[in-house]
Novice: 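Sending over a structure as C-alpha cells; questions will come in a sec.
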Amino acid sequence: MSKMNIRRDKQMPTVINSVMIMMVVMLWSIFANAQDASPIPYLQNKGKAVQLMVDDKPFLMIAGELHNSSSSTTTYMQPIWEKLVAGNLNTVLAVVSWQQIEPQEGAFDFTLVDSLLKEAGKNRLKLVLLWFGTWKNGESSYTPDWLKKDTKRFFRVRTKDGKNIETISPFCDAARQADKKAFRALMSHLAEVDKECTVLMMQPENEMGVFQEIDFCPQALKQFEEQTPSKLIQYVTKNEKMLNPILRKQWLDNGRKAKGTWKEIFGDTPYTKEFFMAWQYASYVNEVAGAGKEVYPLPMFVNAWIIQNPQQLPGEYPNGGPVSRVLDIYKAAAENIDILSPDIYLPDFKQVVSEYIRKDNPLLVPESKYEPGRAFYAFAECNALGFAIFGIDSQVTKPLLIGTHKVLSDLQSLILQYQGTGQMRGFLKYQEKETNLTLGDYIFTVTYNDEPAFGLMIQTAPEEFLVAGMNFKATVSSVKKDKTAYFLQIWEGDYKGGHWEPIRLLNGDETLHNSAFFASGVKKQDTTIPAIYKIKVYTRD
C-alpha cells in the first residue's frame with residue numbers, strides 16, 4: 001500500500017463524520033422549517049356547516065374586497081392598510097393580475113404579490129387572492145400584453161355574424177395552457193414564500209362567461225354537435241333529485257337520455273347552450289385550479305355575476321359562469337373548485353344565498369353591495385365561511401361598517417362554536433315586517449323598526465340567549481301551547497377578549513316590564529351600530 005493510500009485511509013473517518021454532520025444539519029433544518037411553517041388552510045365539516053380551518057382552528061373571514069385596481073401598486077396600497085385594520089377586518093380580498101405577474105411570456109414577477117404578503121402580515125391581516133387571469137366580468141382585459149396581441153394563437157370569442165371580439169374563447173387550448181402555467185407559477189411561489197399562510201384561499205378567474213348565447217367559433221360549434229360528456233350524464237343521473245329545477249326539467253322533458261348530443265339530451269333551447277358553455281368554462285377553470293393545487297392545495301372558489309331576474313336568458317348575463325342554473329354543471333366538471341360563490345348586488349340577499357347553499361356547496365360571499373348587516377345573516381343563518389363588501393377601501397371608514405365588524409370580531413369565537421349546531425339564527429329585514437325564530441322550546445317574534453335592521457341569536461343554555469343587532473323588537477312565546485313564556489332578565493353588555501361584560505340591566509320602560517326586548521343598538525358618531533345583549537327567559541302556567 002502506498003503512503004498516499006495510507007494517508008487517505010487515515011482521513012476517511014473525518015470525511016465520513018463531516019458528511020454525517022452535514023446530513024444531520026440538513027435534516028434538522030428541514031424538520032425545523034416544517035415545525036415553524038403553519039399548516040395549509042383547509043375546509044372541514046362541522047355538523048351542518050363547513051368551516052375554514054386556519055392553523056387547525058376554525059376561522060371566520062370578516063372580510064372586504066378591494067377595488068379592482070387598488071392592489072396594482074404598492075404605493076397606492078400603502079395608506080389603505082391601516083384603514084382596513086381600523087375597520088375591524090381580518091381578511092382582505094385582493095386582485096393579482098396575470099398582466100402584471102407575467103409581463104413577458106415565461107418571465108414572472110411576483111414583486112406585487114410579495115408586497116401584499118408583507119403588508120398583510122405586518123398588519124395581522126389574512127388574504128384571499130383573486131386571480132384575474134383569462135377572464136374578468138366576461139372580458140379578457142387582465143391578460144398579458146403579449147397574449148392580447150397574438151390573436152391567431154390566442155383566438156377570441158366569435159359573434160353570430162362571424163366577428164371576433166376581444167374576449168378570449170374558452171375553447172382556446174393555447175390560452176388554457178398559458179393560464180395554467182401562470183397560475184401554477186403563482187401557487188408555487190406562494191408555497192415557497194408564504195410560510196405564515198397569510199393567503200387563505202384562491203379565486204381562479206373572475207365572473208366568467210360571455211355576453212352572447214354561445215361562442216360561434218368553429219371549435220365551439222363543432223363540439224356542440226358532439227356527444228354530451230358521459231361524466232355529466234353520470235352526474236345528472238346520480239343526483240337527479242337534487243338538480244337545479246331548470247336543468248332537471250330539460251333533461252326529463254327530453255326523455256332522460258343517457259347518451260346523445262347536447263340538443264338530444266337537453267333539447268334545442270337557450271338553456272342547452274348555457275349548459276354547454278358552462279361545461280366549457282367549468283372545465284377550463286378546473287384545469288387552471290388543478291394546476292395550482294398540484295403545487296399548493298389551498299381551498300379554491302369561483303364567483304358568479306348572478307342572474308338579475310328570472311326572465312333573463314343566457315347572454316344577458318355572462319353566459320357560462322357559475323350562476324344558480326348551472327351549479328350542477330360546475331359540480332360535475334370542476335372537482336378542483338371547492339365553492340361556487342355569488343356576487344350579490346341585488347336587494348334580496350336572502351333569496352340569492354338560498355340558491356347557493358347546498359350540501360355540496362357552503363356559502364362564501366366574496367362581493368356584496370354596502371349592507372354590513374348582511375354579514376350577520378350570512379354567518380349566523382347560513383353558516384358562511386366569509387362575507388366581503390366590495391370596494392372596501394372606499395367604505396371602511398363608515399361608522400356602521402366599523403361597528404358591525406367590531407361586534408362580529410368580538411363574537412367570532414361564539415359564532416364559530418355554534419355554526420352547524422342548529423342553536424344559532426340570523427335575521428335581516430328586506431321587505432317583511434317580522435320574522436319568527438324557533439330555538440329550543442321558545443319562539444321569538446322579531447319585529448323590524450328602522451332600517452337597517454338585522455341581528456343574530458344564539459341559544460347558549462336552555463333558557464339563555466345571546467343576541468346582537470339593531471333596530472328590532474322581540475317578543476317570546478313557548479312552543480308548548482299550555483305554557484306562557486316571558487323575559488326574566490335582559491342585559492346590555494359587551495364581549496371583550498371573549499368574555500361577557502355587563503353594562504346595564506334593562507327593565508321597566510326599556511322592556512315594557514319584561515314583556516318585550518328592544519334592540520335599538522348604540523349611538524356612535526351620530527350613527528346607530530349593533531349592540532350585544534344577554535337575555536334569560538322562563539315559562540309559567
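The structure presented is a predicted model; accordingly, all values stated were derived computationally and were not measured.
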Novice: May I ask you to decide if Gln100's main-chain N or O and Asp109's side chain share a donor-acceptor pair within less than 3.5 Å?
Specialist: no
Novice: Backbone N or O of Leu243 within a donor-acceptor pair of the Asn239 side chain at under 3.5 Å?
Specialist: no
Novice: Does the side-chain hydrogen bond (donor to acceptor under 3.5 Å, both in side chains) test come out yes or no for Tyr317 and Glu274, once each step is laid out?
Specialist: CA-CA 11 Å; Tyr317 51 86; Glu274 180 175 30; 2.7 Å; yes
Novice: Using the salt bridge (charged side-chain N to carboxylate O under 4.0 Å, His left out) criterion, which residues pair with Asp360? Sequence neighbours excluded.
Specialist: Arg358
Novice: What is the ring orientation for Tyr345 with Phe390, classed by angle as parallel under 30°, tilted 30 to 60°, or perpendicular over 60°?
Specialist: perpendicular
Novice: Does Trp131 form a side-chain hydrogen bond (donor to acceptor under 3.5 Å, both in side chains) with Asn206? I'd like the steps, not just the answer.
Specialist: CA-CA 7 Å; Trp131 172 241; Asn206 185 83; over 6 Å; no
Novice: Can you find a heavy atom in the side chain of Met277 that is under 4.5 Å from one in the side chain of Asp215?
Specialist: yes
Novice: Looking at Lys136 and Glu207, does any basic side-chain N land under 4.0 Å from a carboxylate oxygen?
Specialist: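 Salt bridge between Lys136 and Glu207, a charged N being under 4.0 Å from a carboxylate O: no.
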Novice: Establish, from distance only, whether the side-chain atoms of Arg156 and Ser169 form a donor-acceptor pair under 3.5 Å.
Specialist: no
Novice: Check residues 72-83 and write down every donor-acceptor pair under 3.5 Å in which the side-chain atom is one partner and the other belongs to a residue at least two apart or another chain.
Specialist:
| unit_1 | atom_1 | unit_2 | atom_2 | d |
| --- | --- | --- | --- | --- |
| Ser72 | OG | Ser69 | O | 2.7 |
| Thr73 | OG1 | Tyr76 | N | 3.1 |

Novice: Is there a donor-acceptor pair under 3.5 Å between the side chain of Thr404 and the backbone N or O of Leu401?
Specialist: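 No; judged by distance alone, with no hydrogens or angles, the pair does not exist.
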Novice: Closest heavy-atom contact between Tyr284 and Pro170?
Specialist: CD1-O, 3.5 Å
Novice: Any side-chain heavy atom of Ile165 within less than 4.5 Å of one from Val157?
Specialist: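 Sidechains of Val157 and Ile165: in contact.
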Novice: Using the test salt bridge (charged side-chain N to carboxylate O under 4.0 Å, His left out), find all partners of Glu355 that sit at least two apart in sequence or belong to another chain.
Specialist: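 Scan of Glu355 (salt bridge (charged side-chain N to carboxylate O under 4.0 Å, His left out), adjacent residues dropped) gives none.
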Novice: Could you walk me through whether Glu213 and Asn319 pass the side-chain hydrogen bond (donor to acceptor under 3.5 Å, both in side chains) check?
Specialist: CA-CA 7 Å; Glu213 61 178 350; Asn319 182 18; over 6 Å; no
Novice: Residues in ring pair (Phe, Tyr, Trp, His ring centres under 6.0 Å) with Tyr330, at least two apart?
Specialist: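 Here no residue qualifies.
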Novice: For the pair Gln203 (side chain) and Glu205 (backbone), establish whether a donor and an acceptor sit closer than 3.5 Å, ignoring hydrogens and angles.
Specialist: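 Yes, Gln203 side chain to Glu205 backbone: donor-acceptor pair under 3.5 Å.
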Novice: What is the minimum heavy-atom distance between Trp98 and Ala175, and which atoms define it?
Specialist: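 Heavy-atom minimum between the residues: CH2-O, 4.2 Å.
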Novice: For the backbone of Phe266 and the side chain of Thr272, can you confirm whether one donor and one acceptor N or O come within less than 3.5 Å of each other?
Specialist: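 A pair under 3.5 Å: yes.
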Novice: So, Phe276 versus Trp262, ring centres under 6.0 angstrom or not?
Specialist: yes
Novice: For Ala304 and Val323, work out which heavy atoms get closest and say how close.
Specialist: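 For Ala304 and Val323, the tightest heavy-atom pair comes out as CB-N, 4.1 Å.
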Novice: Who are the side-chain contact (heavy atoms from CB on, under 4.5 Å) partners of Ser283, not counting sequence neighbours?
Specialist: Arg176, Trp279, Ala333
Novice: State, yes or no, whether a side-chain contact exists between Pro58 and Gln419 at a heavy-atom distance under 4.5 Å.
Specialist: no
Novice: Determine all donor-acceptor pairs shorter than 3.5 Å in which one atom belongs to a side chain in residues 407-416; sequence neighbours excluded.
Specialist:
| unit_1 | atom_1 | unit_2 | atom_2 | d |
| --- | --- | --- | --- | --- |
| Ser409 | OG | Asn88 | O | 3.4 |
| Ser409 | OG | His405 | O | 2.8 |
| Asp410 | OD2 | Lys406 | NZ | 2.7 |
| Gln412 | NE2 | Ser409 | O | 3.3 |

Novice: Less than 4.5 Å apart, side chain to side chain, heavy atoms only: is that true for Ile307 and Ser324?
Specialist: yes
Novice: Please assess Asn244 against Arg325 for the test side-chain hydrogen bond (donor to acceptor under 3.5 Å, both in side chains), listing each intermediate value before the final yes or no.
Specialist: CA-CA 6 Å; Asn244 177 273; Arg325 291 172 181 160; over 6 Å; no
Novice: At what distance, to the nearest 0.5 angstrom, does CD1 of Ile214 lie from CD of Gln280?
Specialist: 10.5 Å
Novice: Run the side-chain contact (heavy atoms from CB on, under 4.5 Å) test against Glu381 and tell me which residues pass, sequence neighbours left out.
Specialist: Tyr377, Arg425
Novice: Looking only at non-hydrogen atoms, find the nearest pair between Leu200 and Lys126 and report the distance.
Specialist: CD1-CB, 3.5 Å
Novice: Less than 4.5 Å apart, any side-chain heavy atom of Pro362 and any of Ile339?
Specialist: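 The answer is yes; the side chains approach within 4.5 Å.
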Novice: List the residues meeting side-chain contact (heavy atoms from CB on, under 4.5 Å) with Thr421, not counting sequence neighbours, and say none if there are none.
Specialist: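 Scan of Thr421 (side-chain contact (heavy atoms from CB on, under 4.5 Å), adjacent residues dropped) gives Lys46, Tyr418, Gln423.
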Novice: Is the shortest side-chain heavy-atom distance between Ser71 and Val96 below 4.5 Å?
Specialist: no
Novice: Does Asn286 offer a backbone N or O that forms a donor-acceptor pair with the side chain of Asn336 under 3.5 Å?
Specialist: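 Such a contact is found between Asn336 side chain and Asn286 backbone.
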Novice: Taking atom types as modelled, find out whether His189 and Asp194 have a side-chain donor-acceptor pair closer than 3.5 angstrom.
Specialist: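 Checked: His189/Asp194 side chains show no N/O donor-acceptor pair below 3.5 Å.
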Novice: What class does the angle between the rings of Phe379 and Phe387 fall in, given that below 30° is parallel, 30 to 60° is tilted and above 60° is perpendicular?
Specialist: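 Geometry flag for Phe387 against Phe379: perpendicular rings.
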Novice: Checking salt bridge (Lys or Arg N to Asp or Glu O under 4.0 Å) between Glu105 and each of Arg153, Lys181, Lys148, which is the one that passes?
Specialist: Arg153
Novice: Work out which heavy atom in Thr198 is nearest to a heavy atom in Leu117; give both atom names and the distance.
Specialist: CB-CD2, 4.1 Å
Novice: Under the salt bridge (charged side-chain N to carboxylate O under 4.0 Å, His left out) rule, collect the residues that match up with Lys259, sequence neighbours excluded.
Specialist: none
Novice: Kindly state each residue pair satisfying ring pair (Phe, Tyr, Trp, His ring centres under 6.0 Å) with at least one member in residues 198-217, sequence neighbours excluded.
Specialist: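 Found Phe211-Trp305.
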Novice: Return the set of residues passing salt bridge (charged side-chain N to carboxylate O under 4.0 Å, His left out) with Asp338 (not counting sequence neighbours), or none when no residue passes.
Specialist: Lys293
Novice: Can you confirm whether the side chains of Asn361 and Tyr356 place a donor and an acceptor under 3.5 Å from each other?
Specialist: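 No, no side-chain donor-acceptor contact under 3.5 Å.
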Novice: Using modelled atom types and a 3.5 Å cut-off, is there a donor and acceptor pairing between side-chain atoms of Asp393 and backbone atoms of His67?
Specialist: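 Yes, because the side chain of Asp393 sits within donor-acceptor range (under 3.5 Å) of the backbone of His67.
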Novice: Say whether, by atom type as modelled, one donor and one acceptor occur between the side chain of Gln312 and the main chain of Gln308 under 3.5 angstrom.
Specialist: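 Pair found, side chain donor or acceptor close to backbone of Gln308.
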Novice: Identify, with sequence neighbours excluded, every residue that meets side-chain contact (heavy atoms from CB on, under 4.5 Å) alongside Ala388.
Specialist: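 For Ala388, the residues satisfying side-chain contact (heavy atoms from CB on, under 4.5 Å) (neighbours in sequence not counted) are Ala63, Leu93.
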Novice: Can you name the nearest heavy-atom pair linking Gly420 to Asn383, along with the distance?
Specialist: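 In this case the closest contact between Gly420 and Asn383 is N-OD1, 3.2 Å.
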Novice: Using a distance-only test with no angle check, is there a side-chain donor-acceptor pair under 3.5 angstrom linking Lys222 and Gln219?
Specialist: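 No pair is found: no donor N or O on one side chain lies under 3.5 Å from an acceptor on the other.
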Novice: Using only atom types and a distance under 3.5 Å, with no angle test, would you say the side chain of Asn137 pairs donor to acceptor with the backbone of Glu139?
Specialist: no
Novice: With distance as the sole test, does Thr237 use its side chain to make a donor-acceptor pair with the main-chain N or O of Ala258 at under 3.5 Å?
Specialist: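 Absent.
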Novice: First locate atom CG of Asn303, then atom CE of Met208, and finally report the distance between them rounded to the nearest 0.5 Å.
Specialist: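 Between atom CG of Asn303 and atom CE of Met208 there are 7.5 Å.
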Novice: Is the shortest heavy-atom distance from the side chain of Ile329 to the side chain of Tyr235 under 4.5 Å?
Specialist: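 SC-SC contact between Ile329 and Tyr235 ruled out.
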Novice: Pick out which of Phe275, Trp135, Phe171 makes a ring pair (Phe, Tyr, Trp, His ring centres under 6.0 Å) with Tyr281.
Specialist: Trp135
